[in-house]
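A short write-up of the structure that comes next.
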There are 2 protein chains.
Amino acid sequence: MPSKRVQTASVELARKIPPFTVLSQEEWEEIRSSLYVRRYEEGTFLFFEGDPPTALYLILEGHIALVRHSPEGRDIVLDVMRPGNMVGELAVFEGVPYSASGKALDCVQVVAIPRDKFLHLLARYPRMATAVIYDLTRRVRHLSDLVQSLVIERVEQRLARILLRLAKISGEYTDEGWAINLPLTRQDLADMAGTTVETAIRTLSRLRKEGVVDTIHGRIVIRDPERLSEIAETSE
Amino acid sequence: MPSKRVQTASVELARKIPPFTVLSQEEWEEIRSSLYVRRYEEGTFLFFEGDPPTALYLILEGHIALVRHSPEGRDIVLDVMRPGNMVGELAVFEGVPYSASGKALDCVQVVAIPRDKFLHLLARYPRMATAVIYDLTRRVRHLSDLVQSLVIERVEQRLARILLRLAKISGEYTDEGWAINLPLTRQDLADMAGTTVETAIRTLSRLRKEGVVDTIHGRIVIRDPERLSEIAETSE
DNA sequence: CGTTTGCTTGATACGTATCAAAGTTGGTGG
DNA sequence: CCACCAACTTTGATACGTATCAAGCAAACG
């Protein structure tokens, strides 16, 4: 049964990432059966804001955007998570609905841990909490940066910062430049920068005319990382 | 020695708040000597953004604002912490400089736990991690709300939201209305709303003329909580 | 008292949202 | 292979909220 073997192999990948690295081999073997692998297509949702907290997800592959939907129909991307990160801890911990939706930005593979299983695990192996704390810590720091960015920076700077971050997260060096390996729409970028599509487009167009960035086959390529960093850091 | 007795009594208050409630009496007695109480005057700083992480603080009394300073001299309040909350966990955990300053908004009393002591405690009593996680969870949720607020709401709505939150945190019912028991300047409020003093003042003036809020002896009083909630929730 | 610090109001400029409309791309089925 | 549709992208004109600069005012303080 090939599919079964793939499944087992994938779960085994989780063995090597933070919450589980603290476990001994026996402990791991014991809990492994509680975990299951799931795949999500680009653009699909793992869960929606407001859903009851059924599971916590550990990213094996791909990228997930945490998105808030506003009543007026506007979306806001709070964070972009990548392999090794956890998603859904907040809700799972407090037993309250997810406070944001989890949207697959590309082809995503996760290990899902049902809420009650995870709470059991944590009660039994409290050392696992360290991994959760580190993940939350990263999120607090990122959100703090985002707040500061929204208050003091203009759209151009915010976009520059976002592009550099995305390139760091999932960039690839090509002969065209430093390419961001994610199928992002202008709307996605606008939602990350806290602005509108039109403004995001205008800003990117200007940067393209200046030779700083470009889009090739729908992917954004950073042609002049130095210049982009300058724009991101300009304090005025 | 009266001062010594006060000190001991104050440390004892920490016994009843989250990270320590999980400890048995013996465990508590063992670690108690590692803790010490500190007091801060209104307007003083417990630590500054960029300082090495010397200690984690547990608030016994008073309120602390987590403030980011921008290079251009602008301040941004990321969160307001109150009794029972922890301050400084991020830096203490990762061993990196504080990512924001801790500013006493009123007369503050804290239990300080030196970094190495706290890490030891946590390694020894991993159950304590739960309290840390809950605190971080609250912060992530608050920062997420703040980001959403900054992106979709206008200054008036943001200020309304902030006033309601502050009133919930440290409000008192007087015959004048629901008074916020903190000595806040207009600048403080502007820093919380991510705007400038002038705009904050103009907005508050308007609200005062409409009979929604007022300031009496430098304290803000909410005269019409209903109306203020409406303003905070108006989705357009 | 004079000086500082915080508060207030006004005039103007700028960045970005909004509304509108046209161009582009990729996929689907005839 | 082409026609068509839907989704995404792009550009333009205009309006609005808020920052900025400037100046006067009030209260606190040594």
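Just so we're on the same page: letters track the sequence lines, and every chain starts at 1. Just the heavy atoms: all of them, side chains too, but no hydrogens, waters or symmetry mates, feed the values below.
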So does [X] pair up with [Y], basic N to acidic O under 4.0 Å?
| X | Y | value |
| --- | --- | --- |
| A:E89 | A:R139 | yes |
| A:K103 | A:D188 | yes |
| A:E156 | A:R206 | yes |
| A:K209 | A:D214 | no |
| A:E94 | B:R138 | no |

Legend entry - Heavy-atom closest contact (A:V108 atom, A:H63 atom, distance):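 Between these two residues, the closest heavy atoms are CG2-O, 3.5 Å.
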Inset, instruction - With a 4.0 Å heavy-atom cut-off, tell me which residues in residues 192-204 of chain A come close to DNA chain D, sorted by residue number. - result: A:E198, A:I201, A:R202
Legend entry - A:R208 side chain near D:dT10 phosphate (N/O to OP1/OP2, under 4.0 Å): yes
Inset, instruction - Ignoring backbone atoms, test whether A:S205 places a side-chain nitrogen or oxygen under 4.0 Å from the OP1 or OP2 oxygen of D:dT11. - result: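 Result: yes.
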Inset, instruction - Between A:R158 and A:H217, just flag the one whose closest nucleotide in DNA chain C comes earlier from the 5' side. - result: A:R158
Inset, instruction - Check the angle between the aromatic planes of B:Y57 and B:F47 and answer parallel, tilted or perpendicular using the 30° and 60° thresholds. - result: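 Plane angle under 30°, so parallel.
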Legend entry - B:H69 and B:F48 aromatic ring geometry - parallel, tilted or perpendicular at 30°/60° bounds: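 Rings of B:F48 and B:H69: tilted, 30 to 60°.
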Inset, instruction - Would you check if there is a donor-acceptor pair between the side chains of B:Q109 and B:S10 at a distance under 3.5 Å? - result: yes
If I take atom [atom1] in residue [X] and atom [atom2] in nucleotide [N], what distance separates them, rounded to the nearest angstrom?
| X | N | atom1 | atom2 | value |
| --- | --- | --- | --- | --- |
| B:R154 | D:dA19 | CZ | C1' | 16 Å |
| A:R74 | C:dT16 | CZ | P | 12 Å |
| A:E42 | C:dG27 | CD | C1' | 14 Å |
| B:E153 | D:dT18 | CD | P | 11 Å |
| A:E156 | C:dG15 | CD | P | 11 Å |
| B:L150 | D:dT18 | CG | C1' | 14 Å |
| A:R206 | D:dT10 | CZ | C1' | 14 Å |
| A:D191 | D:dT9 | CG | P | 11 Å |

Inset, instruction - Take the C1' atoms of the five end pairs on each side of the helix from C:dT8-D:dA23 to C:dG30-D:dC1, get both axes, and report the angle to 10 degrees. - result: 40°
Sort me out a list of protein N/O and nucleotides 25-30 of chain D N/O pairs below 3.5 Å, or just none if empty.
none

Inset, instruction - Report yes if some heavy atom in the side chain of A:P97 is under 4.5 Å from a heavy atom in the side chain of A:E49; otherwise report no. - result: no
Inset, instruction - Find out whether A:Q187 and A:D191 are in side-chain contact, i.e. whether some heavy atom of one side chain is under 4.5 Å from a heavy atom of the other. - result: yes
